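One-based numbering, in listed order, for ligands and for the atoms of each. This structure is a prediction, so every number in the text was calculated from the model and none was measured.
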Amino acid sequence: MNDQLIIFDTTLRDGEQSPGASMTRDEKLRIARQLERMRVDVIEAGFAAASNGDFEAVKAVAEAIKDSTVCSLARANEADIRRAGEAVRPAASSRIHTFIATSPIHMEKKLRMSPDEVVSQAVKAIGWARQYTDQVEFSAEDAGRSEIDFLCRIFEEVIKAGATTINVPDTVGYNVPEQFAATIRSLIERVPNSDKVVWSVHCHNDLGLAVANSLAAVRAGARQVECTINGLGERAGNASLEEIVMAVRTRRDVYQCDTRIDTTHIVPASKLVSGITGFAVQPNKAIVGANAFAHESGIHQDGVLKHRETYEIMRAEDVGWTANKLVMGKHSGRNAFRSRLQELGVVIESEEQLNSAFARFKALADKKHEIFDEDLQALMNDDSSEPKEHYRLLSSSFHSETGEQPSARVTLAVDGREQNVESSGSGPVDAAFKAIESIADSRAELLLYSVNAITTGTDAQGEVTVRLARDGKVVNGQGADTDIIVASAKAYLNALNKLEAGTERLNPQV
Ligand code: KIV
Ligand code: ZN
């Protein structure tokens, strides 16, 4: 049995389907470059037929990435597949991933198609996809609740039609490890020509079992796992890439296979994704949580000091944890700034973008003595130079005193026109948001407000995420500053700008 486990990352597609996690083309490019650096085998860059924006993003990733296969999702219909084919055409190595639902409930209630019609549509889909690339992946959506005989039948037919990877998704996260492993084992045994394709799994985390199910499937013979950085994804998310990769690497004796991932890029990838999406990583999250390698109890500390392996099964540095790296200060020049950003995988597309980022860096360096990699990443996430900006914070002042009602005064440029307003609130952040709203009158609902310290120390920047919803559209805004009220105002305006810019995405599964 082949001992390479293919890592198929779907952070940019399924991960992006988390409410509020939609990404711009440039953000997708930055993440894709980090995935390539990490040596991910396949990057699912999006769902090209979902919108023009998604098409452009997949195409941009296909043009930029050289060392990973670039894939687009497509429903099993001709228009979707042609769109996916066009989007991935520039890639050095391209794949089309087409899917159709196979469970009785999905076929009957959602597709309103008979099982025969589903098989015939799937076979046609493979034929269209093969006109663009010889890497064609077929997914039986909701395979986790499909009948095994029907799965065998449809997989046999799509393999005959030219599918090269067969993916078995547990779309609703219903399976448990023993049962899922038995399904995979039996498919591999029963489907004719199963040795001619790669068997893949795609597990959702509704019962918290996505990683366990994926690993059980690997034991049963699956040789591709679909996963996301930080386990991002629909509802409770997908299997987390870092947990799969490190489980297989640490327990090669059990899994009898390995990936080609350079694990030292895992933590930077996690930070990049959490910075861009605003989805904070819980401190006790395996591998990438802030406490994942922290030993608190005296007995553990004593053991680790005497002999590291007493309590550590992995080394923090192997997954990319480094002591906070002091990169630059206020005397650093543009070239040092540019090259550090390049090392962090941030692509500077124009001199104008570099100038604006460098000006923000200098302003930050005036307020904060030590600037860490995390600060630079936050600075790039907080790109207020985007041309489509409708609202921009020009200045602000806040007043908060024991026994008095907090107030905020903000001055905004609204499409270049200056407006200022004062408002009070139950706290300074509330006052700032009310002041902004009295200008913007957005009618948006605030779904989430969260603050994270980017580095340690009281002069750390606060990174704020604000999630707003309006008319069914959900967006995340980010802002970073050493003053958390300013960071909050920036995050709120960033979210309003996204609502104005209409960065709405279609959810492929709706
Ligand atoms: O969860 C799922 O079934 C999917 C498929 C499109 C692979 O994301
Ligand atoms: Zn999925």
Review point. When only distance counts, is H204 in polar contact with ligand 1, meaning an N/O pair under 3.5 Å?
Key: yes
Review point. Which of the numbered atoms in ligand 1 are below 4.0 angstrom from a heavy atom of E141?
Key: 3 (O)
Practice item. Compute the minimum heavy-atom distance from H97 to ligand 1 and say whether it is under 4.0 Å. Key: yes
Check your understanding: Counting heavy atoms not belonging to K109, are there more than 12 under 6.0 Å from its NZ?
Key -> no
Point to revise | Heavy atom of R13, distance to ligand 1 below 4.0 Å | key: yes
Exercise for review: Salt-bridge test for K28 and D54: reply yes if a basic N is under 4.0 Å from a carboxylate O, no otherwise.
Suggested key: yes
Exercise for review: Could you tell me whether F8 and H97 have their ring centroids closer than 6.0 angstrom?
Suggested key: yes
Study note, to complete from the structure: Looking at H202, the N, O or S atom sitting nearest the Zn ion (ligand 2) is NE2
**Study point:** Pair E137, T165: side-chain N/O donor-acceptor within cut-off below 3.5 Å
**Key:** no
Check your understanding: Can an N or O of N167 be found at a distance shorter than 3.5 Å from an N or O of ligand 1?
Key -> no
Check your understanding: Given V172, T171, N238, D142, which has its nearest heavy atom closest to atom 3 (O) of ligand 1?
Key -> T171
Practice item. State whether a side-chain donor-acceptor pair under 3.5 Å links S139 with E141. Key: no
Practice item. Return yes when at least one N/O/S atom of D14 is nearer than 2.8 Å to the Zn ion (ligand 2), and no when none is. Key: yes
Check your understanding: Within 45° of the ring axis of Y449 and under 6.0 Å from its six-membered ring centre, is that where the NZ or CZ of R467 lies?
Key -> no
